[in-house]
Q: 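Once you've had a glance at the structure underneath, I'll fire off some questions.
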Amino acid sequence: GESVGLHLPTLSVQEGDNSIINCAYSNSASDYFIWYKQESGKGPQFIIDIRSNMDKRQGQRVTVLLNKTVKHLSLQIAATQPGDSAVYFCAEIRGYSTLTFGKGTMLLVSP
Amino acid sequence: NAGVTQTPKFQVLKTGQSMTLQCAQDMNHEYMSWYRQDPGMGLRLIHYSVGAGITDQGEVPNGYNVSRSTTEDFPLRLLSAAPSQTSVYFCASSPNVVAVNNEQFFGPGTRLTVL
């Protein structure tokens, strides 16, 4: 899910489907990764995080997978609902002090 | 708890004007930060603070000043606004910079337009 210019990549799914949102990160030294959800007109909301020494973490209806070999992060949302429609950002923490965001993927869920 | 609050919600400035964006949190969080978000972009870090009296620059600090005199407040100052500073500004806070189940709480944002 890398964006080009002003256009966010968009993932369109049907309600009840599973969604997979991808993110490529740049710094192999990053310590920590977080997925955020941002609804229109609101600030980002924490979804799930994962440390760099893990490759998978599960939450409620969400799973984050980390592949350090190819510097790839994914967010899987099970049984996607219309309320999941939002922009999703991955973010990485480097040096225990700064959070760097990716450019986001828009998820559109049709009823 | 009110969480993270930001004022104002909307602001229009003329080029060269100065203003302060306010941010406050009532969760006793040590870490606070300011981001800007431009259309179709992720958030970019402007400045951050790991505790009262300590601030540091992020990715895009030019044109912005911050101070952290108390744990609760982290104002962002624009000394001479430029059209390139038109953006949505988010303030965030978290208990620690990195921790298991770390959550960074974001405010609702301030939409700034510089003419």
Side-chain angles (χ1 to χ4, degrees), chain A residues 1-10 21 23-27 29-54 57-60 62 64 73 86-106, chain B residues 2-7 9-10 21 23 25 27 29-51 54-61 66 86-111:
Chain A
E2 294 296 332
S3 65
V4 177
L6 299 178
H7 302 288
L8 287 174
T10 300
I21 300 170
C23 176
Y25 63 93
S26 57
N27 193 331
S30 292
D31 309 294
Y32 198 76
F33 303 89
I34 305 175
W35 279 101
Y36 287 92
K37 173 186 180 183
Q38 186 177 25
E39 295 173 290
S40 180
K42 297 184 178 179
Q45 180 183 5
F46 173 94
I47 302 173
I48 192 168
D49 57 7
I50 188 168
R51 288 184 179 274
S52 59
N53 61 355
M54 303 169 67
R57 190 154 189 241
Q58 288 185 289
Q60 188 177 12
V62 294
V64 55
L73 196 66
V87 178
Y88 289 80
F89 293 97
C90 66
E92 55 188 302
I93 291 183
R94 307 171 190 173
Y96 296 92
S97 63
T98 60
L99 190 66
T100 301
F101 282 79
K103 294 179 181 174
T105 296
M106 182 173 293
Chain B
V4 180
T5 58
Q6 290 183 238
T7 56
K9 284 188 177 295
F10 301 94
L21 279 63
C23 174
Q25 52 89 12
M27 298 172 282
H29 286 172
E30 291 295 324
Y31 185 85
M32 297 185 74
S33 52
W34 275 103
Y35 296 87
R36 61 177 287 174
Q37 185 176 32
D38 300 305
M41 300 283 288
L43 282 72
R44 291 184 293 170
L45 182 65
I46 304 172
H47 285 285
Y48 65 97
S49 169
V50 299
I54 306 169
T55 64
D56 209 343
Q57 295 181 347
E59 180 185 356
V60 288
V66 292
T86 294
S87 189
V88 180
Y89 291 84
F90 289 101
C91 178
S93 76
S94 61
N96 300 293
V97 178
V98 177
V100 174
N101 291 328
N102 180 48
E103 289 195 36
Q104 183 146 201
F105 295 87
F106 284 83
T110 294
R111 186 173 295 273

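It should be emphasised that the depicted structure is a prediction, and the values quoted were computed from it without experimental measurement. FYI, side chains are in, hydrogens and waters are out, and symmetry mates aren't considered; it's all heavy atoms of this structure. First the proteins, then the strands, lettered A, B, ... as listed; each starts at 1.
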Q: Check the surroundings of atom CZ in Arg44(B): do more than 12 heavy atoms from other residues, nucleotides or ligands lie under 6.0 Å from it?
A: yes

Q: What's the spacing between Asp49(A) CG and Gln104(B) CD if we round to 0.5 Å?
A: 11.5 Å

Q: Side chains of Tyr35(B) and Phe101(A), heavy atoms from C-beta outward: is any pair under 4.5 Å?
A: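 Side chain of Tyr35(B) against side chain of Phe101(A), heavy atoms only: contact under 4.5 Å found.
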
Q: Within a strict 4.5 Å, meaning less than it, do heavy atoms of the Phe105(B) and Gln45(A) side chains meet?
A: no

Q: Between Phe106(B) and Gln38(A), does a side chain to side chain contact (heavy atoms under 4.5 Å, CB included) hold up when you go through it step by step?
A: CA-CA 10 Å; Phe106(B) 284 83; Gln38(A) 186 177 25; over 6 Å; no

Q: Could you look at Gln37(B) and say if it's the side chain, the backbone, both or neither that has a heavy atom under 4.5 Å from chain A?
A: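 The side chain, not the backbone.
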
Q: What pairs with Thr55(B) under side-chain contact (heavy atoms from CB on, under 4.5 Å), at least two apart in sequence or on another chain?
A: Ser49(B), Val66(B), Arg68(B), Phe74(B)

Q: What verdict does the side chain to side chain contact (heavy atoms under 4.5 Å, CB included) test give for Lys42(A) and Phe90(B), after you've listed the backbone C-alpha separation in whole Å, the side-chain angles of each residue and the deciding distance to 0.1 Å?
A: CA-CA 9 Å; Lys42(A) 297 184 178 179; Phe90(B) 289 101; over 6 Å; no

